[in-house]
Participant: 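Next up is a structure, given as structure tokens.
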There are 2 protein chains.
Amino acid sequence: MVAEQLKLENQICFPVYAASRLIIRKYQPYLEKLGITYPQYLVMLVLWEHEQLPVNDIAQKLILNTNTVTPLLKRMQTLGLLKREKDSLDERKVLIRLTEKGKIMQKEAESIPQNIADSIHCTSMNLEDLFSLKKQLEQLILCYTK
Amino acid sequence: MVAEQLKLENQICFPVYAASRLIIRKYQPYLEKLGITYPQYLVMLVLWEHEQLPVNDIAQKLILNTNTVTPLLKRMQTLGLLKREKDSLDERKVLIRLTEKGKIMQKEAESIPQNIADSIHCTSMNLEDLFSLKKQLEQLILCYTK
DNA sequence: TTTAATTATATCGTGTGCGATATAAAAATA
DNA sequence: TATTTTTATATCGCACACGATATAATTAAA
């Protein structure tokens, strides 16, 4: 006999985990055209909003450890998307800023959010539901980060 | 100027991705005591419910590819948690079933869900909210898997 | 009944994600 | 000022995830 609380269908953790991977899969065809991965896309979103940021600030915004972000940024530098240079005011910090190629990519990415939204051909889930879901997840993240 | 739809805070994708990793982090101290990882825990949940399953059925239940599940199961076999044997009726299939050690672990895992639930010391999020969130995520998963 | 197509699993390569640890620079303290 | 502590980034090792591909067994079709 399986304890009720140990059934897969009764876990809150699994739907979050599965939904995360499924959403990333939805993004892939669009990101493939830009030649970047999903975490790289998140870094681009941050850098399109901020002219210049140290590694740690990017990691905090994405709730990632720096030992994940450092190699991620290095791969993006290899792709020619961004530059890394020491902060002259604090030599510990490495400042990240987009290259021209990185800035130009924003134009190509502008249509992605709408494309993703349109790709949900699901009568039982509309944009309002998505917004409410987003709000609830942000609550959960607040609980889990403090 | 950043297009509104490209701001990190306006993405539905990011909260799901971040919440998934944060939840997994919450599980880690408990799973560490059992000597398993989070994806391995999910496999255990499936096998505590099903005496015997082919690799593909486990992959489908967890919405994972078999090229993720095969090495995962091999590591779990090395840990002595499960056995792998060919299906005599269909030699393509590999049937997975728990060892005694794997079955015994269920007892130790029984308290985990309650511990996780208790660990949310967040006044703005109760169990009812979590249940509603789970239902909405399951809707999203339905949309994204069909 | 050969041959072709499908199915189930496995292998390989690349990119995360993170715990543990290292290193250098800055800040705090004795 | 010398020493200790903290902060910012990087390195290493391991376990996922998954696209692409390979292989063997089964099924479908010619």
Side-chain angles (χ1 to χ4, degrees), chain A residues 13-14 17-29 31-44 53-79 81 84-96, chain B residues 14 17-29 31-44 53-79 81-82 84-96:
Chain A
C13 58
F14 176 64
Y17 165 75
S20 172
R21 287 182 295 101
L22 286 170
I23 291 180
I24 291 174
R25 286 184 198 174
K26 280 283 175 198
Y27 275 82
Q28 244 145 42
L31 299 180
E32 209 166 327
K33 286 177 193 164
L34 303 184
I36 58 177
T37 66
Y38 179 75
Q40 289 169 9
Y41 173 66
L42 294 181
V43 172
M44 294 305 285
L53 279 181
V55 175
N56 208 34
D57 287 27
I58 296 175
Q60 275 185 27
K61 284 179 190 298
L62 301 182
I63 318 181
L64 284 167
N65 298 324
T66 57
N67 55 358
T68 296
V69 174
T70 293
L72 182 57
L73 292 173
K74 283 193 172 177
R75 281 186 291 268
M76 294 177 75
Q77 186 182 25
T78 304
L79 292 175
L81 294 173
R84 298 147 40 81
E85 60 177 314
K86 288 260 172 158
D87 184 344
S88 56
L89 296 175
D90 185 341
E91 291 276 335
R92 290 172 302 180
K93 291 184 181 173
V94 172
L95 295 176
I96 308 295
Chain B
F14 177 64
Y17 165 76
S20 172
R21 286 182 296 100
L22 286 170
I23 292 179
I24 291 174
R25 285 185 199 173
K26 280 282 174 198
Y27 275 81
Q28 243 144 44
L31 298 180
E32 208 165 328
K33 286 178 192 163
L34 303 184
I36 59 177
T37 66
Y38 179 76
Q40 288 169 10
Y41 173 66
L42 294 181
V43 171
M44 294 305 285
L53 278 181
V55 174
N56 207 34
D57 286 27
I58 296 175
Q60 275 185 27
K61 283 179 190 300
L62 301 182
I63 318 183
L64 285 167
N65 298 324
T66 57
N67 55 359
T68 296
V69 174
T70 294
L72 183 57
L73 292 173
K74 283 192 172 177
R75 281 186 290 269
M76 295 177 74
Q77 185 182 27
T78 304
L79 292 174
L81 294 173
L82 50 80
R84 298 148 39 82
E85 60 177 316
K86 288 261 172 157
D87 184 344
S88 56
L89 296 174
D90 185 343
E91 292 275 336
R92 290 171 303 181
K93 292 184 181 172
V94 172
L95 295 176
I96 309 295

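Here is how names work: the chains are called A, B, and so on, in the same order as the sequence lines, proteins then strands, and each is numbered from 1. Just so it is clear, the values below take in all heavy atoms, side chains as well, and ignore hydrogens, waters and symmetry mates.
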Participant: Identify, with sequence neighbours excluded, every residue that meets ring pair (Phe, Tyr, Trp, His ring centres under 6.0 Å) alongside A:Y41.
Facilitator: A:Y27
Participant: OP1 or OP2 of C:dG17 sitting under 4.0 Å from any side-chain N/O of B:Y17?
Facilitator: yes
Participant: Which sits closer to the 5' end of DNA chain D, A:K74 or B:K86, going by the nucleotide each is nearest to?
Facilitator: A:K74
Participant: Rounded to whole Å, please give me the gap between CG in B:L62 and P in D:dC16.
Facilitator: 12 Å
Participant: Where each residue is assigned the nucleotide of DNA chain C containing its nearest heavy atom, which of A:P39 and B:V55 is assigned the position nearer the 5′ end?
Facilitator: B:V55
Participant: Which residue is it: A:I96, A:V69, A:L62? I am looking for the one with a side-chain contact (heavy atoms from CB on, under 4.5 Å) to A:V43.
Facilitator: A:L62
Participant: Rounded to the Å, how far apart are B:R25 CZ and C:dG17 P?
Facilitator: 11 Å
Participant: Measure the distance from CG on B:L42 to P on D:dC16 and round it to the nearest whole Å.
Facilitator: 10 Å
Participant: Any side-chain heavy atom of A:L53 sitting closer than 4.5 Å to one from A:K61?
Facilitator: yes
Participant: Look at all strands and tell whether B:T37 reaches a base, only sugar-phosphate, or nothing, counting heavy atoms closer than 4.0 Å.
Facilitator: sugar-phosphate
Participant: Any side-chain N or O of B:Q40 below 4.0 angstrom from OP1/OP2 of D:dA15?
Facilitator: no
Participant: Of all residues at least two apart in sequence or in a different chain, which pass the salt bridge (charged side-chain N to carboxylate O under 4.0 Å, His left out) check with B:D90?
Facilitator: B:R92
Participant: In whole angstrom, give the distance that lies between atom OH of B:Y27 and atom P of C:dG17.
Facilitator: 20 Å
Participant: Check whether any side-chain nitrogen or oxygen of A:T68 sits under 4.0 Å from OP1 or OP2 of C:dG17, and answer yes or no.
Facilitator: no
Participant: Taking 4.0 Å as the cut-off, does a side-chain nitrogen or oxygen of A:R84 come that near to OP1 or OP2 on D:dA10?
Facilitator: yes
Participant: Check whether any side-chain N or O of B:K86 sits under 3.5 Å from a backbone N or O of B:V94 as a donor-acceptor pair, and report yes or no.
Facilitator: no
Participant: Taking atom P of C:dT7 as reference, at what distance in whole Å does atom CG of B:D57 sit?
Facilitator: 14 Å
Participant: Counting any heavy atom closer than 4.0 Å, what does A:P54 reach on the DNA or RNA strands: base, sugar-phosphate only, or nothing?
Facilitator: sugar-phosphate
Participant: Under 4.0 Å, heavy atoms only, any strand: does A:R75 hit a base, just the sugar-phosphate, or nothing?
Facilitator: base
Participant: In whole angstrom, give the distance that lies between atom CG of B:L73 and atom C1' of C:dT9.
Facilitator: 11 Å
Participant: By nearest nucleotide on DNA chain C, pick out whichever of B:Q60 and A:M76 is the more 5' one.
Facilitator: B:Q60
Participant: Counting heavy atoms from C-beta on, name the nucleotide in D:dA8, D:dC18, C:dG19 closest to the side chain of A:N65.
Facilitator: C:dG19
Participant: Distances for protein N/O vs nucleotides 26-29 of chain D N/O pairs under 3.5 angstrom?
Facilitator:
residue, atom, partner, partner atom, Å
D:dT26, OP1, B:E91, N, 3.1

Participant: Mind checking whether A:Y17 and B:L64 have side chains closer than 4.5 Å, heavy atoms only?
Facilitator: yes
Participant: Output the rounded distance in Å from CG (A:L72) to P (D:dT11).
Facilitator: 14 Å
Participant: To the nearest Å, how far apart are B:R21 CZ and D:dA17 P?
Facilitator: 12 Å
Participant: Remember a base hit wins even if backbone is also touched, and classify B:L64 as base, sugar-phosphate or nothing at under 4.0 Å, heavy atoms.
Facilitator: sugar-phosphate
Participant: Examine the base of D:dG19 for any acceptor or donor lying under 3.5 Å from a partner atom in the side chain of B:N67, and report the outcome as yes or no.
Facilitator: yes
Participant: Is there a side-chain contact between B:F14 and A:L42, using heavy atoms and a 4.5 Å cut-off?
Facilitator: yes
Participant: Backbone N or O of A:T37 within a donor-acceptor pair of the A:Q40 side chain at under 3.5 Å?
Facilitator: yes
